[in-house]
Amino acid sequence: MNTFHVMKRILLQFRRDKRSVALMVVAPLLVLSLMWMVLDHDESNLELGAVNVPESMLEKLSSDALVVETMSSTKAEEKLEEGTLDAVLYFENQEISLLLEGSDPNAAGALQKELQSLRTNQKDPVDVEYYHGSEDLGLFDYVGPVLIGFFVFFFVFIVGGVSFLRERTQGTLERLLATPIKRSEIVFGYLAGFGLFTILQSVVIASFSIYILGVFMEGNFFYVLMVTILLALAALSLGTLVSAFAKNEFQMIQFIPLIIVPQVFFSGLFPTEGLGTWVQVLGQMMPLTYGAEAMRGIMLREASFADIQLEIYVLLGFTALFTTLNIFALKKHRRL
Amino acid sequence: MSTMVEMKSVIHRYGKNTIIDQVNLSIQKGEIFGLLGPSGAGKTTLVKLMAGILQPSEGTISLNGSDLQHLSQMKNFGFMAQSDALYQELTAWENLDFFASIYHLSRKKRRERIREVLEMVDLSSSKDQPVETFSGGMKRRLSLASALVHEPEMIILDEPTVGIDPVLRQSIWNELNDLKHKGVTIIVTTHVMDEAEKCDRLALLRNGKMIAMDTPESLKEKVNVSSMEDVFLHYGGETK
Ligand SMILES: Nc1ncnc2c1ncn2[C@@H]1O[C@H](COP(=O)(O)OP(=O)(O)OP(=O)(O)O)[C@@H](O)[C@H]1O
Ligand SMILES: [Mg+2]
């Protein structure tokens, strides 16, 4: 019951503190847009060679971003070698296949997106091969899912941690503990208030990234929301927990290099496969690792719930752990 | 009369420093009990011990005859901290509504009580103003209102009238006296001598030790002076 009152109060405070709301919603949009501009500069003309592709099919491909030229297969090979073509589309035995030049991940990703139209119209999946390089989407498509998770995590951590810290420094925590409220009700009230707010935050950030910036997205939108909200709750419970070890806002900021930055390194933005086991074990102790893995699974690989349930449970586990520790840490202020 | 607060050999330490040293006191139901002492004497620490926000290192504290074991006991008192503990972004009304809601007052009752206490501290006209725009004295008054909003049996006020002008201070004391007549126990810490005179009983605290406890009149008689100020100076000087 008191949980509800705390939640209500937090939402009311959000309504008054427009700046923090902006920080949590607009700042991620801004940074995502900037990253998108840097990493996802759409090449104005993607050069696509077509070998034996029927005219009717080529029409479907007509798009501003594509320059399609019909040619022979030897000519296409030659041009790929020169690097003057981004990809070649083949049509053999009623099947369509794509050979990507592949050295420019941006072009590869953009082309794959363009060809989505072919794919949905025609049930058979497009068979994609790479002339150079590996199976690589656009850089932004690859880091996008991680970045969505990261920004939600980062801003909820900061704003949540600082709000809880301020509750302590402005004396309202002590004042509150002189009432019959339970320690757990305060902590759950925070989770609920921020939880509701982060639903909004996640919807805005995820829709913006997917529908406006056009991050590659295969999977279920609701799974994306679920994972970002779980990440936000883990971030909030971690932020409020560590705020107990900060004396002021500045000390709270000092946790960024200690707690946030390391998580970025393990979240999959950088490959960790080749690293020593202890480094990987370290990564497995961080919430963002799981959030990022689940986000990539959903958005790039069309993961089903079963595919991401491990990550979901681990994130829930982190939240439960931090919350319990937090309720316990409040004992410092009141035994009951 | 029955006992509201009972402290027995209470010691409180912060690290190695003993801040409250062997304090014994009992506060009766329905009295105004004053805690007087120089800055740093331990008044705030002592009232926080009573409110259950701090735990004594040694000794026992009981409220209404039983140890502070259940949260429900916290319903019975209101606490006004020395530094205003208010939500700056929220309005006066919203602050009071939040604190009142924790005591599970009904909506109607809440509205009624908030109006009453706002009237009492003369803030009715500023009820929809965010606290961050309040003056120091207004915040102080709102803190007082938030300690009273749930009609507690006992109120603990840590320097309630600092920064409040004499006219309003007088009217607050009138309200406190009214509450007292309704049977509410009131515990106040103060630096102000004329306020000390208004208490039924006074405890003088110095360096964490209780050096005297009696009615203001008896205290004056004992050391044979005419004003509380002299009592304060007398005891203050003695233990130096
Ligand atoms: N959190 C704390 N940690 C360590 N020492 C503390 C703490 N709080 C108070 N003290 C010390 O306890 C002593 C008593 O403090 P307290 O706040 O109870 O005094 P006070 O009588 O209320 O003073 P004032 O009239 O100035 O409010 C002081 O010496 C103070 O330094
Ligand atoms: Mg004090």
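To find a chain, count down the sequence lines: A is the first, B the second, and so on, and within it residues start at 1. Being a predicted model, the structure only gives us computed values, none of them experimental.
At least one side-chain heavy atom of A/E174 sits less than 4.5 Å from a side-chain heavy atom of B/K48. A/M1 places none of its side-chain heavy atoms less than 4.5 Å from the side chain of B/I102. Counting heavy atoms from C-beta on, the side chains of B/M74 and A/R334 come closer than 4.5 Å.
For B/H104, the part lying under 4.5 angstrom from a heavy atom of chain A is the side chain only. Proximity to chain A (any heavy atom under 4.5 Å) is restricted, for B/F98, to the side chain, taken from C-beta onward. The contact between B/S146 and chain A is made by backbone and side chain atoms together, counting heavy-atom distances below 4.5 Å. With a 4.5 Å cut-off on non-hydrogen atoms, B/E94 touches chain A through its side chain but not through its backbone. Neither the backbone nor the side chain of B/N95 comes within contact range of chain A; no heavy atom of the residue lies under 4.5 Å from a heavy atom of that chain. Residue A/L12 touches chain B through both its backbone and its side chain, counting heavy-atom pairs closer than 4.5 Å. Both the backbone and the side chain of B/S101 come within contact range of chain A, with heavy atoms under 4.5 Å apart.
Residues A/P180 and B/Y103 share a closest heavy-atom pair of CD-CE2, 3.3 Å. Annotation for B/A85 and A/G171: closest pair CB-O, 3.2 Å, computed over non-hydrogen atoms.
With values rounded to the nearest 0.5 angstrom, B/I53 atom CD1 is found 10.5 Å from A/L176 atom CG. With rounding to the nearest 0.5 angstrom, the OG1 atom of A/T172 is 8.5 Å from the CG atom of B/L86.
Side-chain atoms of A/E167 and B/Y87 form a donor-acceptor pair, as typed in the model, at a separation below 3.5 Å.
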Please determine whether salt bridge (Lys or Arg N to Asp or Glu O under 4.0 Å) holds for the pair A/R166 and B/E89, giving the CA-CA distance in whole Å, both sets of side-chain angles, and the decisive distance to 0.1 Å.
CA-CA 12 Å; A/R166 274 185 41 210; B/E89 306 90 349; 2.7 Å; yes
Verdict with supporting geometry, A/R16 and B/E132, salt bridge (Lys or Arg N to Asp or Glu O under 4.0 Å):
CA-CA 11 Å; A/R16 293 289 149 70; B/E132 53 200 358; over 6 Å; no
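Between chain B and the residues A/Q170, A/R9, A/R335, A/H333, the most heavy-atom pairs under 4.5 angstrom are made by A/R9. Contact count versus chain B (heavy atoms, under 4.5 Å) is highest, among A/Q13, A/R15, A/K8, A/K182, for A/Q13.
When the shell of 6.0 Å around NZ of B/K180 is examined, it contains more than 12 heavy atoms from other residues, nucleotides or ligands.
Figure legend: cation-pi geometry between A/R175 and B/F99, with NZ or CZ positioned under 6.0 Å from the six-membered ring centre and within 45° of its axis.
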